[in-house]
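Below is one structure; the comments refer to it alone.
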Amino acid sequence: MHLPVFLDDQRRLRRLLSSCSATRTLARLHALLIVSSSASHQLLSSLAAAYARAGDLAAAESTLTATAAATATATTTTSSSSSSSIAAWNAIIAAHSRRGSPAAALRVFRALPPAARPDSTTFTIALSACARLGDLRGGESIKDRAYEAGYKDDIFVCSSLLHLYAKWGAMGDAVKVFDRMPRRDRVTWSTMVAGFVSAGDPLEAIEMYRRMRVDGVQGDEVVMVGVIQACAAIRDARMGASVHGHLLRHEMRMDVVTATSLVDMYAKNGLLDVARCVFGLMMHRNAVSWSVLISGFAQNGQLDEALHLCRKMQASGLQADSGALVSALLACSDIGFLKLGRSIHGFILRRFEFNCILGTATIDMYSKCGSLASAQMLFNLIGSRDLILWNAMIACCGAHGQGQDALTLFQEMNKTGTRPDHATFASLLSALSHSGLVEEGKLWFDRMVNDFKITPAEKHYVCLVDLLARSGLVEEANDLLTSMKAEPTIAIWVALLSGCLNNKKLELGESIADNILELQPDDVGVLALVSNLYAAAKKWDRVREVRKLMKDNGSKKVPGCSSIEIHGTRHMFVMEDQSHPQRREIIKKLAKLDLEMRKMGYVPRTEFVYHDLEKEVKEQQLSYHSERLAIAFGLLNTSPGTRLVIIKNLRVCGDCHDAIKYISKITDRGIVVRDAKRFHHFKDGVCSCRDYW
DNA sequence: CTAGGGTTAG
């Protein structure tokens, strides 16, 4: 057999192998080596490494396994031959990990033949595979092996160990390792910075950065991304901007990730113009960059702009990814834009698998746009449900007044083995409260504390106090407050106070109102409630006092504003707006309804009109509240039986609450009103959320 | 052949 001359030249051959990236060529060389019996251990290892680089991991592995078997039978094993084979194994393990299958990487690692002694690289890759998988226990045993093998001070091994701990919430362990490291480079420091950020401790992250500088280590853009995130988290735009300046002065790489984190930081601080500007200067943008900007606008209430950016993102040729879609859905839910939300749902169905995040966002959108049925349908279609998805669906039932359904869901969830958390109970208790299921509410509050060992937080107390106070058990609610370990907060007092107002317990109410004022609330809604209670108790001087507070607080009066979506278009109604084209018809419709309502026993609750006016004028003012205009408009422009969904910027006043119940009964329509704080669902004259203010 | 970085859901 005629063989190429170079088969004898080991050095040339190895160079050839390392430059070859085509699997077919490698296979030919492999065959030649075997046929010519010139396959040395070293050559086969280089060949395996070349297979791994070329992406044929199976070939790489079988080559090495065969080599290892041959070595085991050989009489002599030199240390140099095993060290060259570990390099090939490392190439295989690293390729698995890079390729996105860390589990396969670990499988190969665990099955390493005894002749291949893992080195620093092997342990480093294996630990980072554990970090990807979240396998803390596996990482622990790899760490032990690495330490035994003498890599206790190896900066690569320690950094990947730090990352494993930091990523999975074991910051305590990370700090321990970090403290005893003899040498730390910027990767080590950046791991700690990022770790504290994701552990929700941005101040400690910034402190780490400071210590790094004191240590004389120069940061790079990766470290700075962590610091920028920390600035975003503590809402410190000034510090964020100075980091931005630092990046520019030191000519650090402004890559997509760095720029995106800056956009996010500015957006989270409400500096949307700056965010948009940084975004505009980016050389490359990807789906995440767009998502960050979009959700920035959405979260700052600039919903139209958020939706506009979604369209621009599409137009720029970028596939909207799940992050962008979540932001868009969020914008839809905030303004109750059901039609657009539905079309995004359709888009997801065509292009995506429903994962938990998308599913939760879509369900939440349907919930906030008033479509319980769509939310339920989608929920039933999603196979794998995580905690947050369950929580969203339970909250959705509660918001729509289906307390019993929420409870059923909760029990179903328990059967699947998903453990409820504090948010689950908050949703459940609020659902029970809004449906007036008092006994169940008390029962599950107890079980939360005793069986599930969840320490009740403020929101849980708010729900329970709300539940009791709504159903007239104001004294029992009051007793609950005295049994609390911590001092009741404003929110808790408010729940109790609104119960007092509804149940005409004015004496207790007055003392609670006094308590609230001592805590110096600056929320207009809270002050309005306090003032309403004083008004009900006819304490006019205190009413004036609170009104003055409201003015002094700079809480300028925002006009009430409601919107309703009809045939896919949103229509806005402002209280004092005279310009609507159908204004006359709307007023006529309201007058007609008013007559019928009064026949059924409706009495205008003029105590909700702030100004000192004649009774008739007050009554008229009430009937011009924006939500009523929107409802009348909806009645005029939809066919009988269609549900009306109204979104309002402020709270629905108690009088409108009453009125809507009657209107729902008279017209036999389901009416959903969502205001700044909560959801009200009216059907058959029953309202799921009986707040009277 | 090796370690660190961005968003989004209740």
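Letters go in sequence order (proteins before strands), and every chain restarts at 1. For the numbers below, each heavy atom of this structure counts, side chains included, while hydrogens, waters and symmetry mates do not.
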May I have the distance from [X] (atom [atom1]) to [N] (atom [atom2]), rounded to whole angstrom?
X         : N       : atom1 : atom2 : answer
Leu409(A) : dG10(B) : CG    : C1'   : 14 Å
Gln229(A) : dG4(B)  : CD    : P     : 15 Å
Arg184(A) : dA3(B)  : CZ    : P     : 21 Å
Phe297(A) : dT8(B)  : CZ    : C1'   : 17 Å
Arg186(A) : dG4(B)  : CZ    : P     : 15 Å
Ile142(A) : dA3(B)  : CD1   : P     : 14 Å
Leu428(A) : dG10(B) : CG    : P     : 18 Å

Who pairs with [X] by ring-ring contact (aromatic ring centres under 6.0 Å, His included), at least two apart in sequence or on another chain?
X         : result
His308(A) : none
His244(A) : Tyr266(A)
Trp168(A) : none

Item to complete: Give me the residues of residues 376-391 of chain A where at least one heavy atom lies under 4.0 Å from an atom of DNA chain B, by number, or none.
Response: Asp386(A), Ile388(A), Asn391(A)
Fill in: Side-chain N or O of His422(A) closer than 4.0 Å to phosphate OP1/OP2 of dG10(B)
no
Discussion item. Give me each pair satisfying side chain to side chain donor-acceptor pair (under 3.5 Å) with a member in residues 277-288 of chain A, each pair once, sequence neighbours excluded.
Written reply: Asn286(A)-Ser289(A)
Looking at the base of [N], is there any donor atom on it, or on the side chain of [X], that sits under 3.5 Å from an acceptor on the other one?
X         : N      : result
Thr258(A) : dG5(B) : yes
Asp220(A) : dG5(B) : no
Thr191(A) : dG4(B) : no

Worksheet entry | Main-chain N/O of Ser291(A) paired to Ser295(A) side chain as donor or acceptor, under 3.5 Å | yes
Item to complete: Give me the ring orientation class for Phe425(A) and Trp444(A): parallel if the planes are under 30° apart, tilted from 30 to 60°, perpendicular past 60°.
Response: tilted
Practice prompt. Taking salt bridge (charged side-chain N to carboxylate O under 4.0 Å, His left out) as the test, write out the residues that go with Arg276(A), two or more places apart.
Written response: Glu305(A)
Worksheet item: Among dG6(B), dC1(B), dT8(B), which nucleotide sits nearest the side chain of Ala91(A)?
Response: dC1(B)
Worksheet item: Among dC1(B), dG10(B), dG6(B), which is the nearest nucleotide to the side chain of Arg98(A)?
Response: dC1(B)
